[in-house]
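Quick notes on the structure that follows.
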Amino acid sequence: MKAVRLHKYHQQPVIEQVPEPAAKEPFDVVVKIGGAGVCRTDLHIIEEQWADKSGVALPYTIGHENAGWVHAVGPGVSNVEVGDTVILHPTPTCGLCHACRAGNDMHCESSKFPGIDTDGGMAEYLLTSARACIKLDPSTQPADVAALADAGITAYHAVRKAVPLLYPGTVCVVNGAGGLGHIGIQSLKALTATKIVVVDRNADALKLAEELGADETVLADGKHVDAVLDLTGGNGAEVVLDFVAEQGAQQDAFAMTRRNGSHYVIGYGSNIDIPTIDIISTERNVVGNLVGTYNDLVELMVLAQAGKVTLHTRKYPLDAALDALADLDAGRVRGRAILTP
Ligand SMILES: [Zn+2]
Ligand SMILES: [Zn+2]
């Protein structure tokens with residue numbers, strides 16, 4: 001089968017032929033990929049940012065936002081069968097450890113992360129597990145929902161955690177209205193009555209944010225922190241969802257956070273430099289966010305199938321994977337780029 005494989009860091013991946021995976025273990029599931037999302041994390045993987053954390057051996061297949069149809073199952077699989085349309089939780093988990101039993105799939109002690117530390121879904125077939133499969137209505141087109149498997153679940157997870165803080169009368173800043181941010185806006189709309197202020201450096205992204213229900217939009221032109229403070233009576237927002245968190249945006253996001261408010265770090269790539277006296281004197285929180293739980297993805301799919309969260313996608317054939325990565329890197333993708341093997 002064809003797959004998008006990274007051979008060397010700081011070099012473009014290679015599209016080449018590799019053997020198809022097989023369902024050997026009892027709970028193995030092989031999925032025929034219908035859609036594989038292209039994510040900024042893929043760029044960060046190529047830049048070697050994940051090398052130490054993942055410990056992955058090169059070459060391997062990238063792609064961690066996957067949906068498709070069940071192609072083969074191991075002998076112990078009973079929750080899905082061949083032909084089912086599925087979206088995949090990004091981490092096949094053990095189901096037995098403390099984190100799994102608490103529902104915190106992303107903190108499983110012995111999970112894999114296809115596309116990060118094992119072969120991923122920018123290929124014709126992907127090996128995953130029964131626990132990662134969420135069965136969808138057969139009319140669902142995998143390419144239309146694939147990005148919900150990572151971009152979507154990550155945005156939803158952060159919003160879901162922030163819901164108790166976002167009572168009516170609050171302000172939530174969405175910093176970055178790209179692949180994750182545009183799902184975050186819709187999730188906020190579906191789950192809260194907060195006032196949504198969207199910050200982005202791209203005017204088209206702000207236009208999309210308005211269409212999706214943003215109450216205010218602010219162009220990130222260097223004066224955006226002051227603009228957000230002006231919109232909040234000089235106080236800042238109760239919650240800032242920072243979908244960028246690199247190249248200085250993370251400092252701006254903290255500066256937009258109100259006293260006793262929370263800065264949710266969702267994007268990544270730079271360091272946060274905050275004087276500790278600012279943290280204690282204002283009781284501002286910096287909150288990490290990693291993907292989401294299996295149930296987060298189930299809930300998000302309910303919103304998606306009800307039409308309350310829609311993905312704006314641009315589709316590319318698998319052979320055009322390098323174009324998709326280049327377009328993402330250059331900021332030419334509105335919403336999410338999806339490969340359709
Ligand atoms: Zn991703
Ligand atoms: Zn586990």
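We're numbering straight along the sequence, starting at 1. Both ligands and their constituent atoms are indexed starting at 1 by order of listing.
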Q: Using the Zn ion (ligand 1) as the apex, give the angle to atoms OD2 (Asp150) and SG (Cys39), rounded to 10 degrees.
A: 140°
Q) How many degrees, to 10°, between His64 NE2 and Glu65 OE2 as seen from the Zn ion (ligand 1)? A) 110°
Q. Is the distance from the Zn ion (ligand 1) to the nearest N/O/S atom of Asp42 under 2.8 Å?
A. no
Q) Looking only at heavy atoms, which two atoms of Pro114 and Leu127 are closest? And how far apart? A) CG-O, 4.3 Å
Modelled atom types, side-chain donor and acceptor of [X] and [Y], under 3.5 Å:
X      : Y      : answer
Asp117 : Ser54  : no
His224 : Asp252 : yes
Ser139 : Asp137 : yes

Q | Short N-O contact, Lys315 and Asp144, less than 4.0 angstrom | A | yes
Q: Check whether any N, O or S atom of Cys100 sits under 2.8 Å from the Zn ion (ligand 2).
A: yes
**Q.** the Zn ion (ligand 2): angle it makes with SG (Cys97) and SG (Cys108), nearest 10 degrees
**A.** 120°
